[in-house]
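Hydrogens, waters and symmetry mates are skipped; everything else that's a heavy atom, side chains included, is used. Owing to the predicted nature of the structure, the values given are computational and were not obtained by experimental measurement.
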Amino acid sequence: MPVDDEQLVRRLEAMPEEEPPGDLRSAILSAIQAEQARPGAAAAVGGRRRLVFAAGWAMAALVVLTFLTLVRPPSDSGRYATMAPLTTRYESEDLTLLVWRDDTLVKLQPKLTGGGPVTIIVRWDPDSAAFAGVLGAADASSQNNQTTFTLHHPSQRTVVSLGVHPAKGTEVLVLVDGVEVIRAEIPVN
């Protein structure tokens, strides 16, 4: 049967107070005085306290250093750590192509300016770029130099990721229903 804190406090307060036997108090005090009078006893107790205190501070410092090292990323992790990705916009009557760098990848986001659905083909030179993935297109199919997918609505967000060779840029062609609408030069930097 569980007892809550209030009931326990009421029971303890209801108990009569008793004085300990006189010889018990004097026996405890004399034992403490005898221990303190022993040579080196106070130093041993103080030494243990200092050791426990130092160990506690060492553990606290270890926790803080671990947090700062593992959880908080370094602020100077790269040359462009504080810069937002610069987006380049290419436009045609049918489509707007947004291009930006994300670490080592180039991201391409085609957006419809009119209605859909339309078939989009994104082509690149396989000697200077490599396919890394498509996000937001369930029907995407890819080869070593192009990816094909359908945009159904202007609000659909589909992003094509390419790894571009670090020493050269690449040219990207975007076709809508088989007709070239954008030719974009993707520079190295």
Side-chain angles (χ1 to χ4, degrees), residues 1-89 98-111 124 128-138 140 142 144 147 149 155-170 186-189:
M1 162 160 111
V3 176
D4 67 354
D5 293 338
E6 292 177 14
Q7 286 179 342
L8 182 62
V9 169
R10 277 196 298 270
R11 285 184 190 171
L12 289 173
E13 287 176 348
M15 294 178 73
E17 291 185 23
E18 294 284 330
E19 270 302 309
D23 59 338
L24 179 63
R25 179 176 286 188
S26 62
I28 292 173
L29 288 175
S30 63
I32 291 173
Q33 289 171 350
E35 181 65 29
Q36 288 178 346
R38 211 173 45 132
V45 171
R48 273 187 255 140
R49 284 185 186 151
R50 280 193 296 273
L51 181 64
V52 169
F53 186 73
W57 274 106
M59 289 299 292
L62 180 65
V63 167
V64 169
L65 288 174
T66 301
F67 175 77
L68 290 175
T69 304
L70 298 177
V71 176
R72 184 173 170 245
S75 61
D76 60 347
S77 62
R79 279 180 20 192
Y80 306 106
T82 59
M83 293 179 62
L86 182 62
T87 303
T88 305
R89 178 184 297 265
L98 303 176
V99 180
W100 69 94
R101 284 202 171 271
D102 183 14
D103 198 22
T104 59
L105 298 176
V106 172
K107 304 285 185 153
L108 309 164
Q109 180 181 3
K111 292 176 131 186
W124 58 87
S128 59
F131 177 72
V134 176
L135 176 70
S142 301
N144 70 338
T147 186
F149 53 91
S155 65
Q156 182 178 349
R157 182 182 167 145
T158 302
V159 178
V160 177
S161 299
L162 297 177
V164 177
H165 191 281
K168 0 174 173 173
T170 191
I186 310 298
V188 177
N189 286 324

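Remark: Gln156 engages Leu151, His152, Thr158 in a side chain to side chain contact (heavy atoms under 4.5 Å, CB included) (not counting sequence neighbours). Every side chain to side chain contact (heavy atoms under 4.5 Å, CB included) that Glu13 has, sequence neighbours left out, goes to Val9.
Expressed to the nearest 0.5 Å, how far CD of Gln7 lies from CG of Leu12 amounts to 12.0 Å. A distance of 4.5 Å separates CZ of Phe131 from OG1 of Thr147, quoted to the nearest 0.5 Å. With rounding to the nearest 0.5 angstrom, the CG atom of Leu98 is 13.5 Å from the NZ atom of Lys107.
In plain terms, the two heavy atoms of Gly163 and Ala132 that are nearest each other are N-CB, 4.4 Å. Between Ala137 and Phe149, the closest heavy-atom pair is CB-CB, 3.7 Å. Considering all non-hydrogen atoms of both residues, Ala27 and Ser30 come closest at O-OG, 3.0 Å.
Results of the side chain to side chain contact (heavy atoms under 4.5 Å, CB included) test with Leu162 over Leu108, Val99, Leu105 single out Leu108 as the only residue that passes.
Between Arg10 and Glu6, the closest side-chain pair of non-hydrogen atoms falls below 4.5 Å.
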